[in-house]
Amino acid sequence: MRIAIIGAHKVGKTTLAEELLENLPGYTLEIEPYYQMESSGYEFSEESYPDDFLEQFNYSAQLVFKSGDDVIFDRCVIDILAYLHVLDSGRNIQSLFEKVQTIIDEIDVFVFVPIEEPDLISNHQIELPKLRHKVNELLYDWIEDLGIKVIKVSGTLSNRKDQVLTGILS
C-alpha cells in the first residue's frame, strides 16, 4: 500500500510518518522532497520561491511513479502544489492540477493532517503562519475537488496513529 501524508507545515506530518513506519513492518519512508533534494545538492532560495515548489512538485511526482508498494510519503504533489498556488496565485496551474489527478491514482491512502482548532503550535513558533493557514484551507477545498478519500487525523500522536491504522486495516 502507498500512503501519502499531506498537510501544511508544522502540523506533525513527519512525526506521524515516523510513528507509522514503526507500526507498519516492511514499509519504507520517502522523506519530504525538500530534504531529499537539499541532500542531493539542490540549492533552495532563502525565501519561499514558487519555482522551488515547482521543482519539488516534479520530484515528488517522480517519487510516486518510481516507488514500489509499502511506502509512506511525507508530503506529496497535492500539498506541494497548494504551496505553489498560494505563493503564486496568478500562475496557471491547470496542467499541474491535471497531473495531480493522474498521480493520485497511484496512491492508495491519503492522510490529511490539518491545523487543529485550537492550534497545537503557537503562532510565535511557526514560520509564515499566514501561508500555513492559506495552504491548510486550500487543501480542504482540493480534497473535495479531487474527490479523494482521506483519513483526516487529529489529537495526540497516538490518536493519529490509531486513526490511520484503523482506517487502512478496516
Side-chain angles (χ1 to χ4, degrees), residues 1-21 23-24 26-37 40 42 48 50-116 131-154 160-170:
M1 181 175 298
R2 293 173 172 176
I3 302 168
I5 302 177
I6 61 174
H9 56 286
K10 298 290 183 194
V11 291
K13 292 180 307 300
T14 301
T15 305
L16 177 59
E18 291 168 347
E19 182 72 11
L20 290 173
L21 190 62
N23 288 273
L24 294 170
Y27 274 72
T28 58
L29 174 62
E30 287 289 353
I31 63 170
E32 190 171 328
Y34 176 93
Y35 297 114
Q36 289 190 43
M37 292 171 66
S40 296
Y42 185 91
S48 295
D51 285 347
D52 286 340
F53 284 95
L54 182 58
E55 291 298 321
Q56 290 178 69
F57 177 90
N58 291 325
Y59 190 93
S60 179
Q62 291 174 359
L63 285 177
V64 170
F65 286 126
K66 74 176 186 179
S67 73
D69 292 329
D70 298 339
V71 63
I72 301 167
F73 297 96
D74 180 2
R75 196 174 286 295
C76 82
V77 293
I78 296 171
D79 44 358
I80 295 170
L81 186 59
Y83 276 95
L84 173 62
H85 186 60
V86 169
L87 290 169
D88 187 2
S89 60
R91 182 183 297 230
N92 183 347
I93 62 164
Q94 184 60 38
S95 65
L96 297 175
F97 199 79
E98 289 168 5
K99 192 172 184 179
V100 165
Q101 291 172 314
T102 302
I103 294 167
I104 62 174
D105 291 339
E106 301 294 320
I107 305 291
D108 299 300
V109 176
F110 288 92
V111 177
F112 178 37
V113 185
I115 297 171
E116 293 195 38
L131 174 63
R132 180 174 177 255
H133 280 279
K134 286 180 181 180
V135 167
N136 188 70
E137 291 171 17
L138 188 57
L139 286 172
Y140 271 109
D141 292 343
W142 283 2
I143 287 167
E144 186 174 317
D145 292 348
L146 290 165
I148 58 175
K149 184 177 181 231
V150 300
I151 300 170
K152 181 181 158 195
V153 297
S154 62
R160 290 173 177 197
K161 174 199 67 170
D162 291 346
Q163 291 162 21
V164 174
L165 294 177
T166 299
I168 64 174
L169 300 175
S170 61

Point to revise | Salt-bridge criterion met for Lys66 and Glu106 (N-O under 4.0 Å) | key: no
**Study point:** Ion pair check, Asp108 and Lys149, cut-off under 4.0 Å
**Key:** no
Nearest non-hydrogen partners of [X] and [Y], listed with the distance:
X: Pro114; Y: Val153; value: CD-O, 3.4 Å
X: Ile78; Y: Trp142; value: O-CZ3, 3.7 Å
X: Phe65; Y: Thr102; value: CZ-CG2, 4.4 Å
X: Ser60; Y: Pro33; value: CB-CG, 3.8 Å

How long is the straight-line distance from [atom2] of [Y] back to [atom1] of [X], given to the nearest 0.5 Å?
X: Phe110; Y: Ile6; atom1: CZ; atom2: CD1; answer: 6.5 Å
X: Lys161; Y: Thr166; atom1: NZ; atom2: OG1; answer: 9.5 Å
X: Asp74; Y: Leu63; atom1: CG; atom2: CG; answer: 11.0 Å
X: Asp88; Y: Asp51; atom1: CG; atom2: CG; answer: 8.0 Å
X: Lys134; Y: Leu131; atom1: NZ; atom2: CG; answer: 8.0 Å
X: Asp162; Y: Asn23; atom1: CG; atom2: CG; answer: 8.5 Å

Quick one: does any side-chain atom of [X] pair with a main-chain N or O of [Y] as donor and acceptor, under 3.5 Å?
X: Arg91; Y: His85; value: no
X: Arg75; Y: Gly7; value: yes
X: Ser67; Y: Val64; value: yes
X: Asp79; Y: Ala8; value: no

**Study point:** Residues in side chain to side chain donor-acceptor pair (under 3.5 Å) contact with Glu98, at least two apart in sequence or another chain
**Key:** Gln94
**Study point:** From CA spacing to verdict: side-chain contact (heavy atoms from CB on, under 4.5 Å), Phe53, Gln56
**Key:** CA-CA 5 Å; Phe53 284 95; Gln56 290 178 69; 3.8 Å; yes
Exercise for review: Please report the C-alpha distance between Leu146 and Ile104 in whole Å, then the side-chain angles of each, then the deciding distance to 0.1 Å, and finally whether the side-chain contact (heavy atoms from CB on, under 4.5 Å) criterion is met.
Suggested key: CA-CA 9 Å; Leu146 290 165; Ile104 62 174; 4.3 Å; yes
Taking C-beta and beyond as the side chain, do [X] and [Y] meet within less than 4.5 Å on heavy atoms?
X: Leu84; Y: Phe57; answer: no
X: Val77; Y: Ile80; answer: no
X: Val111; Y: Val150; answer: no

**Study point:** Residues that Phe112 engages under ring-ring contact (aromatic ring centres under 6.0 Å, His included), provided they are two or more places apart
**Key:** Tyr140
Review point. Is the distance between the ring centroids of His9 and Tyr83 less than 6.0 Å?
Key: yes
**Study point:** Stepwise side-chain contact (heavy atoms from CB on, under 4.5 Å) check, Ile31 with Phe73
**Key:** CA-CA 6 Å; Ile31 63 170; Phe73 297 96; over 6 Å; no
**Study point:** Check against side-chain hydrogen bond (donor to acceptor under 3.5 Å, both in side chains), Tyr42 and Asp52
**Key:** CA-CA 9 Å; Tyr42 185 91; Asp52 286 340; 2.8 Å; yes
Check your understanding: Which residues pass the side chain to side chain contact (heavy atoms under 4.5 Å, CB included) test with Ile168, sequence neighbours left out?
Key -> Met1, Ile3, Leu24, Val109, Ile151, Val164, Leu165
Exercise for review: Apply side-chain hydrogen bond (donor to acceptor under 3.5 Å, both in side chains) to Gln36 and Glu30, showing your working.
Suggested key: CA-CA 9 Å; Gln36 289 190 43; Glu30 287 289 353; 2.9 Å; yes
**Study point:** Evaluation steps, side-chain contact (heavy atoms from CB on, under 4.5 Å), between Ile5 and Leu20
**Key:** CA-CA 11 Å; Ile5 302 177; Leu20 290 173; 4.0 Å; yes
